[in-house]
Amino acid sequence: MSRAADHAYTALRDGILDGRRAPGERLGEIEVAADLGLSRTPVREALRRLGSEGLVELLPNRSARVRAWTAEDLDETYEVRAALEGLGARRAAGRITPEQLDRLAVLADEMVTVDPSLGHRRPGDFADLADLNAEFHALIVRASGSGRLGETLAGVVQVPLVLRTYRRYTPEALARSHAHHREIVDALRAGDGMWADAVMRSHVLAARSVLLRSLREDAPRAKEAAS
């Protein structure tokens, strides 16, 4: 991918992840190219890459639109992610290095940082939490030794970033997520692939439940605001 295409990809991806590019928004090559000060060719390359990652839907007439996720999409996506990340954790149990284990433990601890006056994270801390979580999961995939697994997961793991999942967590759900991270580290340190697989699957499916419940609660409010 050219430098111009990389620039277009980064600009569009950042806009999708931070909400400036809304679900369903049309991304025409001509309009995006003009907006970014680029030619249409690098924009076309960027849209194809975003399409392969599941962040946009490619349309006829050289355009695309930001992917809008339905509850059914999310249910299926998280089921696939649970199976793949569980496999990754199982493989990693027999391959992970001591240095990688130590880094995972540090990440698990850093994710538990709380505001003592609240008993949970302040809203502004969630971007940092998402970055730490992404590194945690990516490290396990790398430790699995399967490049193909990483490629397959690339599009699936974008979903929680797009929907800013952590902002939907209650303090109780966040505590459960942190406990899962620490247990995953324990399982990997013990070299127990089945244990690591089971906890990772539970962890991902618990995240699915949080997200789907939150979306169900959002639906009446959105309908009321539109009326």
Side-chain angles (χ1 to χ4, degrees), residues 54 69-97 100-114 119-121 125-126 128-146 148-218:
W69 297 89
T70 66
E72 291 76 14
D73 290 332
L74 295 171
D75 187 58
E76 180 180 357
T77 297
Y78 271 79
E79 187 172 347
V80 170
R81 183 183 165 198
L84 293 175
E85 290 212 53
L87 171 61
R90 186 166 76 246
R91 287 176 55 90
R95 297 171 173 82
I96 196 165
T97 67
Q100 289 173 320
L101 274 169
D102 289 344
R103 180 57 184 164
L104 282 179
V106 168
L107 290 168
D109 286 342
E110 289 182 354
M111 281 188 272
V112 183
T113 301
V114 298
H120 57 85
R121 283 179 173 259
D125 292 338
F126 284 113
D128 175 62
L129 180 56
D131 289 340
L132 294 170
N133 182 68
E135 183 181 349
F136 183 93
H137 285 267
L139 197 160
I140 292 172
V141 173
R142 287 198 304 275
S144 75
S146 173
R148 183 168 298 177
L149 180 62
E151 292 172 3
T152 306
L153 270 167
V156 178
V157 298
Q158 304 286 349
V159 180
L161 296 178
V162 175
L163 297 170
R164 296 174 287 283
T165 309
Y166 271 121
R167 297 182 185 278
R168 301 172 183 271
Y169 273 58
T170 63
E172 293 77 16
L174 202 55
R176 181 175 60 241
S177 178
H178 294 328
H180 283 155
H181 286 142
R182 285 174 161 165
E183 188 175 356
I184 289 167
V185 175
D186 289 343
L188 293 173
R189 201 177 291 280
D192 191 327
M194 297 302 291
W195 180 14
D197 185 342
V199 181
M200 180 63 81
R201 287 174 184 255
S202 296
H203 176 61
V204 173
L205 294 176
R208 177 182 66 177
S209 295
V210 168
L211 181 55
L212 291 176
R213 184 185 66 249
S214 178
L215 291 179
R216 286 194 297 269
E217 292 171 352
D218 286 349

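Taking the side chain as every heavy atom from C-beta outward, F136 and V106 never approach each other to under 4.5 Å. Counting only heavy atoms from C-beta outward, the side chains of E85 and I140 never approach each other to under 4.5 Å. At a threshold of 4.5 Å between non-hydrogen side-chain atoms, the residues W195 and D186 count as touching. Within the 4.5 Å cutoff, the side chain of R95 has heavy atoms near those of the R91 side chain. Looking at L129 and L174, their side chains come closer than 4.5 Å, going by heavy atoms from C-beta outward. Looking at heavy atoms from C-beta onward, E79 lies in side-chain contact with R208 at the 4.5 angstrom threshold.
A distance-only check finds no donor-acceptor pair linking the side chain of E135 to the backbone of L132 [under 3.5 Å]. Side-chain atoms of H180 never come within 3.5 Å of backbone atoms of M200 as a donor-acceptor pair (strictly under, hydrogens ignored). Counting only distance, with no hydrogens or angles, the side chain of T77 and the backbone of L74 share no donor-acceptor pair below 3.5 Å. Judged by distance alone, with hydrogens and angles left aside, the side-chain atoms of R176 form no donor-acceptor pair with the main-chain N or O of E172 at under 3.5 Å.
We find the CD-OG distance between E151 and S146 to be 8.5 Å, quoted to the nearest 0.5 Å. With values rounded to the nearest 0.5 angstrom, R142 atom CZ is found 10.0 Å from T97 atom OG1. Interatomic distance, OG of S144 versus CD1 of I96, reported as 10.0 Å (0.5 Å rounding). Once rounded to the nearest 0.5 Å, the distance linking CZ of R81 with OG1 of T152 reads 14.5 Å. Rounding to the nearest 0.5 Å places CG of L211 at 5.0 Å from OH of Y78. Distance check, rounded to the nearest 0.5 Å: CG of D102 to CG of L107 gives 11.0 Å.
Between H203 and S177, the closest heavy-atom pair is CE1-OG, 3.2 Å. Smallest separation of non-hydrogen atoms from L84 and L149: O-CD1, 3.7 Å. A pairwise comparison of heavy atoms in G150 and V141 identifies CA-CG1, 3.7 Å as the closest pair. Residues R189 and A105 approach most closely at NH2-CB, 3.9 Å, considering heavy atoms.
In this structure, the side-chain contact (heavy atoms from CB on, under 4.5 Å) partners of A93, at least two apart in sequence or on a different chain, are L188.
For the salt bridge (Lys or Arg N to Asp or Glu O under 4.0 Å) condition, the pairs that include at least one residue of residues 193-204, sequence neighbours left out, are R90-D197, D197-R201.
Using bins of under 30°, 30° to 60° and over 60° for the plane-to-plane angle, the ring pair H181/H137 lands in the perpendicular bin.
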